[in-house]
Amino acid sequence: MCLIKVVQNKIWMHDVLLKLGREIVVQENVDPRERSRLWDADDVSRVLTTQGTGKVESISLKLSPTTKINVSPAAFEGMYNLRLLKFYYPMMTTKESVKIHLPQALPFLSNELRILYWCDYPLKSLPSNFFPEKLVVLEMPHSQLEQIWNENQPLENLKIMNLRSSSKLILSDFDFSNFPNLEVLNQEPQDLLSFIKLVKLGLCTKPYDHVSLCTLPSSIGFLSQLVKLNLFSFTSLTCLPDSIGELKSLVELNLHCCIKLASLPSSIGKLTCLVKFNLSLCCELASLPESIGELKSLVELNLCGCFELASLPESIGELKSLVKLDLFWCLKLASPLQSICGLESRKSFNLGNYSKLNGFSSLNPRRSEVEEIASTTNKLGCLQHLNMSICHVLEIPGSIGSWVSLRDLCLSGNYFERISASIKQLPELIELDLRSCRRLQHLPQLPSSLQVLDASDCISLTSVEGIFMQGEKDYEAASQQFNFSNCPQLDQSSLTKIIGDARLRIERMATSLFNQQYFGRPISVRLCIPGSEVPEWFTYKNTGGPAVKIKLPAHWHRANTPDQLFGFTLCAVVSFGCLYDGVVIKCECHLIPKCDLSFYYAACTWEREHVFIWSIHSHRFFNEASFHFKILGGNIADAVVQSGVHPLFVEDCIDEPEQQQPKRLKLMGNA
């Protein structure tokens, strides 16, 4: 059982077990047509271009740019025991052509199928003699289907149906009473973020289209077992039927990017099991029904980008289980605090890009808008995530120190000049986002719990108390990042403190991971500040280029000795030619004896030189190493003008607490 585990209700197996199982299958027969399971592209091609046999129970083929199979009309006729058929892509990309061709249609599919997943299915329908009474999963994304079966056919075992981006299929003709046990309709793609990244990079231009329909059939109310309904990007959907309220088991309802959806039926309040409700980018939604207050199980409500939403119903305060409320980009929304004061369980509140904070003064004209939020959230006592970016905030009140449960605070794009020193009293604060607070002049001492600070583009920032980690602590297995890019007014004293504190964090991180014998995923401490030189404490540096060579002591690899090495601190001074989205700094490491490694730092670009420092942890044996820094995705004028490497040895990091600070202060002075 150590080779098998269950994660999020899915069974995962160790690679060793996978390899063993495949070796057993290959030994079943030299001829792949006589094997129970097929996954190799050559084997699948051989079977599909000839004729399979009753021995074949499973075909799972990962499609690639080189995959192209012309399926024989007799290919599936002999595979009457086929239980799993899956043609899929490893990630969502533009499909330039169909990979599995059916030049003579598809006369047969096994009625024993439990799982049918066919991406880019090229025909208008499935075989007329296909009666999959045992089918549990039907996924046909990006298909050319116009209808699924020629006649109504009950599928009592069907639990998951995914017809995502099958734009020719008319969903309104469906009689959902034939699928009484359906639990998931249109599974949201797990690779959606990858797809969005590809679009941004210009590598994918195909629109993310879906089934085109204006409403759902009223028969959807028969799906009494439906748990998840995903109508992501149904851009023609204008309304939902009243029968939507009959979905008594529904837990998730996703209407993201239903840009023409103008209203919701009052029957929505009957969804008593609903936990997640996503209405983001429903651009024409002007109001919510009062019945929404009846959703007693609702935990997450996302209204981000509901541009026409003018008010929240008073009943929203009755959502006692609500933990996350997202009102980002609700540009017309007026005075939401009056409605949400009763949300006792709320832990996440996103009010980003809300320019009407002056409306809050109606609650108490003598109190500032943020003070009002502080008072409201303090009553809740459990707020963990608060986003007030681009909210025209002019002052951060001293009561910010009372938000003791806060873990993530976003104040980016506002106009305040200072942050109250009481912020250091937030014992749980992990992330603080101050990007583009262009009037901010001073940062006080921050909580020792802080792991991520983004103060980029704070062009008026002149002084920082530091990012020092107070006291001894075992670090969690999580990276830390501190970004002061494009803060040109930072004084030398602040820069010295920041660099010194970053070094101390790096050494304490290394010490903690060393003590824990940590061998998990790579984690690091990262720092970006304005500057033109590698700090003096770096043992190896090149003040004239991007390459550094090092040679280690003869016995550095011996455990429990002062010379034991367990990582490096890297530094690159980058001169940017112009402004654009961002770059990646790559460090190529060549070890002797031979081993090649690469380490990366993703960064924004600015018009002046910046210093990038980050730590890595290594348990590899070597005597010499060369490091070469380069810019990926940048402008031809970008260049690494200086570079440095600082080994992390046991003798440098394992010290008594009282011995650390004087030593660090001396190094900081040198820096």
Side-chain angles (χ1 to χ4, degrees), residues 6-12 57-63 82-92 109-121 125-126 130-145 147-149 152-167 169-192 195 208 210-211 213 216-217 219-234 244 246-256 271 273-276 278:
V6 178
V7 179
Q8 296 182 344
N9 209 30
K10 291 184 179 181
I11 299 174
W12 293 80
E57 299 179 31
S58 168
I59 297 177
S60 180
L61 178 62
K62 182 188 296 185
L63 303 174
L82 191 65
R83 293 183 292 135
L84 183 151
L85 178 59
K86 184 172 183 178
F87 300 124
Y88 68 103
Y89 291 90
M91 65 183 297
M92 181 173 293
L109 276 177
S110 170
N111 289 332
E112 295 296 315
L113 277 170
R114 270 71 163 177
I115 297 177
L116 175 56
Y117 187 115
W118 195 320
C119 192
D120 278 335
Y121 180 76
S125 65
L126 293 169
F130 181 44
F131 299 104
E133 296 179 353
K134 300 177 182 178
L135 196 65
V136 177
V137 177
L138 174 65
E139 300 203 53
M140 310 287 283
H142 300 276
S143 75
Q144 297 299 311
L145 283 171
Q147 61 179 12
I148 298 183
W149 293 278
N152 291 333
Q153 178 181 338
L155 295 177
E156 296 185 355
N157 292 308
L158 190 65
K159 292 188 176 182
I160 297 176
M161 184 162 63
N162 179 9
L163 304 170
R164 187 178 72 249
S165 297
S166 298
S167 56
L169 192 65
I170 303 176
L171 193 61
S172 57
D173 292 342
F174 272 40
D175 184 358
F176 284 105
S177 63
N178 290 319
F179 318 128
N181 294 306
L182 193 67
E183 295 180 3
V184 178
L185 179 57
N186 273 23
Q187 177 76 14
E188 184 172 338
Q190 295 180 353
D191 53 6
L192 178 59
F195 171 76
Y208 199 79
H210 277 282
V211 180
L213 78 167
L216 296 175
S219 62
I220 197 169
F222 286 99
L223 302 180
S224 59
Q225 303 301 312
L226 194 67
V227 174
K228 183 174 181 178
L229 176 58
N230 179 25
L231 302 176
F232 170 87
S233 196
F234 276 48
I244 195 81
E246 301 301 318
L247 303 179
K248 302 300 184 182
S249 301
L250 197 65
V251 174
E252 294 185 36
L253 177 55
N254 186 0
L255 299 171
H256 171 72
L271 302 177
C273 290
L274 196 65
V275 173
K276 295 182 180 181
N278 188 353

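Throughout, residue positions are numbered sequentially from 1 according to the sequence presented. From a predicted model like this one, the values you see are computed outputs, not experimental measurements.
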Quick check for you: to the nearest 0.5 Å, what is the distance between [X] atom [atom1] and [Y] atom [atom2]?
X: N230; Y: N254; atom1: CG; atom2: CG; result: 4.5 Å
X: M140; Y: Y121; atom1: CE; atom2: OH; result: 6.0 Å
X: L185; Y: L163; atom1: CG; atom2: CG; result: 7.0 Å
X: L155; Y: N181; atom1: CG; atom2: CG; result: 10.5 Å
X: S177; Y: L182; atom1: OG; atom2: CG; result: 12.0 Å
X: L247; Y: Q225; atom1: CG; atom2: CD; result: 11.0 Å

NZ/NE/NH1/NH2 to OD/OE distance under 4.0 Å, E57 and R83: yes

S110 side chain to L82 backbone, donor-acceptor under 3.5 Å: yes

Backbone of E246 reached by a side-chain donor or acceptor of S224 within 3.5 Å: no

Chi angles and distances behind the salt bridge (Lys or Arg N to Asp or Glu O under 4.0 Å) call for K228, E183: CA-CA 6 Å; K228 183 174 181 178; E183 295 180 3; over 6 Å; no

Side-chain heavy atoms of [X] within contact of [Y], under 4.5 Å:
X: P141; Y: W118; result: no
X: E156; Y: P180; result: yes
X: F179; Y: L223; result: yes
X: I220; Y: L229; result: yes
X: S249; Y: C273; result: no
X: M161; Y: F176; result: yes
X: I115; Y: E139; result: no
X: L138; Y: Y117; result: no

Closest non-hydrogen atom pair between [X] and [Y], with its separation:
X: L274; Y: V251; value: CD1-O, 3.5 Å
X: F234; Y: N186; value: CZ-ND2, 3.4 Å
X: L113; Y: L84; value: CD2-N, 3.8 Å
X: S125; Y: L145; value: CA-CD2, 3.6 Å
X: I244; Y: L271; value: O-CD2, 3.2 Å

Full working for side chain to side chain contact (heavy atoms under 4.5 Å, CB included) between N111 and F130: CA-CA 6 Å; N111 289 332; F130 181 44; 3.6 Å; yes

Would you say [atom1] of [X] has more than 12 non-hydrogen atoms from neighbouring residues, nucleotides or ligands within 6.0 angstrom?
X: K86; atom1: NZ; value: yes
X: F87; atom1: CZ; value: yes
X: K62; atom1: NZ; value: no

Donor on one side chain, acceptor on other, Y89 and D120, under 3.5 Å: yes

